[in-house]
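Worksheet for the structure shown next.
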Amino acid sequence: MEAKTVGQAMGTRSRELLELAETYSANNYHPLEVVIEKAEGVWVWDADGHKFLDCLSAYSALNQGHRHPAIIAAMVEQASKITLTSRAFHNAEMGPFLKVLCEMCQMDLALPMNTGAEAVETAIKAARKWGYTVKGVPDGKADIIVCEGNFHGRTTTIVGFSSEESYRAGFGPFAPGFRLIPYGDIEALRQAITPHTVGFLVEPIQGEGGVLVPPEGYLKDVREICSQRRVLLIADEIQVGLGRTGRLFCCDHEAVKPDMYVLGKALGGGVYPVSAVVAPKDILGVFHPGEHGSTFGGNPLAAAVGTASLRVIREEKLVENARELGAYFMAKLSEIEAKVVKEIRGKGLLIGVALNTTARSYCEALRDEGILAKETHESVIRFAPPLVITRLEIDWMLPRIQKVLTGRQQ
Ligand SMILES: *Cc1c(COP(=O)(O)O)cnc(C)c1O
């Protein structure tokens, strides 16, 4: 592939800021070369005033769009009252937030945290405690089944059960108690469950894994097996939940209700980290004071932002928009005849375009056309714009995407 005109496409201010970041930041990311300075809705502007359509949405943390006015208003208003109490005291915002959240999930209890990884850790602790105190698993013996290709976050426990070598290498020793099975393979799950299995932690669609959609009926079968064998079905909906796939939860596509929802990303409306585990009383009720917590979890600012973020999803019908425009976007992408495209897959506004070559240079070419997308798993371009996107904006993207995908074919 020819050298891209990356340096030339960038303004001098962006270049300076990028160099500053590269000088002082640990090298744990390989960002696309664009320095974003402001944003509104689906659009972002770089430090030299170039405009781009954000087709990543911060991995679905921006489902409501950048700086949604109702969410910013809630945040500013809350910031002018009180931002943090710690859970040593009650605060006025947390109760109303968790009530709305539980009602949306049709669950009894919620445990608020901050980042997605913390919510996953919380679900792991809840499942183990439930295993020992409710299911009767001998102490220290609980095991949790996870899937190959998973992405559940970056803590040492979580990367310990990743199948991705680059997530793990050099970071051990890792926590025991997890077993990997192939994703989408119902027989593998059936055979992996032992009397000590307390939970099956699964993404309804694997986002980071390359937008992998399991076979139809998989989640329904998973639900049935988990119920039969008394294993908690823990759905990591951090990326695919809250409207992204055209349903409120991705599990809804198969009318499946998990035992625990793990939520994050869009729960914070793109402005603040808010995550939670939401579950029935007989599961989340296993925690007692002192057994789990977070200084910032459930803080007033997070709760006000979370409440507004959920209200925007509901009131602006973002789930319906994701369903309709996702189907439209996917259909239009499928009409593009490009030899480089191997497969187009996904649901709602989570679309993966799998290439038969590495995707990085295509993402760079898209950027030069004014579209910010990021490769996942080397060869997949993920298109996941904010759910507030309009048909016109999708139509604006399509010829540009077509140009990039076809212009480079050999
Ligand atoms: C992003 C993500 C996480 C981790 O969330 P952080 O806020 O980055 O800790 C966990 N699971 C899934 C499916 C995710 O997409």
Side-chain angles (χ1 to χ4, degrees), residues 60-61 63-64 71 93-127 130 152 199-205 207 219-220 222-223 226-227 231-269 272-287 292 294 297-298 302-320 322-323 347-348 350 387:
S60 296
N63 283 0
Q64 299 90 340
I71 300 172
E93 306 306 317
M94 193 186 81
F97 167 50
L98 299 188
K99 177 173 190 283
V100 173
L101 181 59
C102 285
E103 284 170 359
M104 268 178 104
C105 296
Q106 298 184 288
M107 293 283 194
D108 306 320
L109 300 176
L111 199 160
M113 299 293 281
N114 313 285
T115 64
E118 289 174 300
V120 171
E121 292 273 357
T122 301
I124 290 167
K125 286 173 78 173
W130 173 89
H152 297 291
F200 177 48
L201 172 61
V202 66
E203 298 156 85
I205 291 176
L219 294 174
K220 227 183 187 69
V222 164
R223 173 69 280 176
C226 286
S227 298
V231 169
L232 299 181
L233 170 51
I234 308 163
D236 182 343
E237 295 248 8
I238 290 169
Q239 181 165 156
V240 295
L242 301 178
R244 172 54 59 188
T245 69
R247 298 284 176 139
L248 183 57
F249 300 108
C250 195
C251 284
D252 293 342
H253 287 285
E254 297 196 3
V256 160
K257 189 172 174 190
D259 296 302
M260 283 192 251
Y261 285 113
V262 188
L263 302 176
K265 296 210 164 107
L267 194 55
Y272 196 87
V274 185
S275 70
V277 172
V278 196
K281 205 166 254 161
D282 60 341
I283 297 169
L284 262 187
V286 297
F287 286 121
H292 190 53
S294 160
V305 163
T307 303
S309 302
L310 293 176
R311 193 185 315 124
V312 166
I313 290 172
R314 222 175 26 244
E315 287 182 358
E316 303 196 1
K317 305 216 180 310
L318 297 188
V319 181
E320 293 78 357
R323 187 157 59 222
K347 279 192 175 142
L350 178 61
L387 309 186

Original post:
What residues form a side-chain contact (heavy atoms from CB on, under 4.5 Å) with L219, not counting sequence neighbours?
Top reply: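 With neighbours one apart ignored, the set is P204, E254, V256.
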Residues passing the side-chain contact (heavy atoms from CB on, under 4.5 Å) test with A276, sequence neighbours excluded, are L101, L267, V278
Least distance between heavy atoms, [X] atom then [Y] atom:
| X | Y | value |
| --- | --- | --- |
| V274 | G268 | CG2-CA, 3.7 Å |
| D252 | Y261 | OD1-OH, 4.2 Å |
| F200 | C226 | CB-SG, 4.1 Å |
| M260 | A279 | CG-CB, 3.6 Å |
| R244 | S60 | NE-OG, 3.0 Å |
| A119 | V262 | CB-CG1, 3.6 Å |

> Who passes salt bridge (charged side-chain N to carboxylate O under 4.0 Å, His left out) against K99, sequence neighbours left out?
Replying inline: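 Once residues adjacent in sequence are excluded, the partners of K99 under the salt bridge (charged side-chain N to carboxylate O under 4.0 Å, His left out) criterion are E103.
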Hits for salt bridge (charged side-chain N to carboxylate O under 4.0 Å, His left out) against R247, two or more places apart or cross-chain, chain-then-number order -> none
Kindly compute the distance separating [atom1] ([X]) from [atom2] ([Y]), expressed to the nearest 0.5 Å.
| X | Y | atom1 | atom2 | value |
| --- | --- | --- | --- | --- |
| I238 | H152 | CD1 | NE2 | 8.5 Å |
| L350 | I205 | CG | CD1 | 5.5 Å |
| L248 | L318 | CG | CG | 10.5 Å |
| E315 | L310 | CD | CG | 11.0 Å |
| H292 | L284 | NE2 | CG | 9.5 Å |

Is the closest side-chain heavy-atom distance between [X] and [Y] below 4.5 Å?
| X | Y | result |
| --- | --- | --- |
| K265 | L242 | no |
| E93 | T307 | no |
| I71 | V305 | yes |
| F249 | C105 | yes |
| R314 | M104 | yes |

Under 3.5 Å, is there a donor-acceptor pair between the S227 and R223 side chains?
yes
Residue pairs meeting ring pair (Phe, Tyr, Trp, His ring centres under 6.0 Å), one or both in residues 94-124, sequence neighbours left out, come to none
Problem set entry | The single option from K347, H253, R323 passing side chain to side chain donor-acceptor pair (under 3.5 Å) against T245 |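 So the option named by the test is H253.
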request  = Verify, without hydrogens or angle tests, whether D259 (side chain) and I234 (backbone) share a donor-acceptor contact under 3.5 angstrom.
outcome  = no
- Do side-chain atoms of E237 reach the backbone of C250 as a donor and acceptor pair under 3.5 angstrom?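 Such a contact is found between E237 side chain and C250 backbone.
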Give the intermediate values and the outcome of side-chain contact (heavy atoms from CB on, under 4.5 Å) for residues I313 and L387. CA-CA 9 Å; I313 290 172; L387 309 186; over 6 Å; no
Side-chain atoms of residues 108-116: list all donor-acceptor pairs with protein atoms under 3.5 Å, sequence neighbours left out, distances to 0.1 Å.
residue, atom, partner, partner atom, Å
D108, OD2, K281, N, 2.7
N114, OD1, G297, N, 3.4
N114, ND2, E118, OE1, 3.3
N114, ND2, E118, OE2, 3.4
N114, ND2, S294, OG, 2.8
T115, OG1, E118, N, 3.4
T115, OG1, E118, OE1, 3.1

Q) Could you walk me through whether M107 and K257 pass the side-chain contact (heavy atoms from CB on, under 4.5 Å) check? A) CA-CA 10 Å; M107 293 283 194; K257 189 172 174 190; 3.8 Å; yes
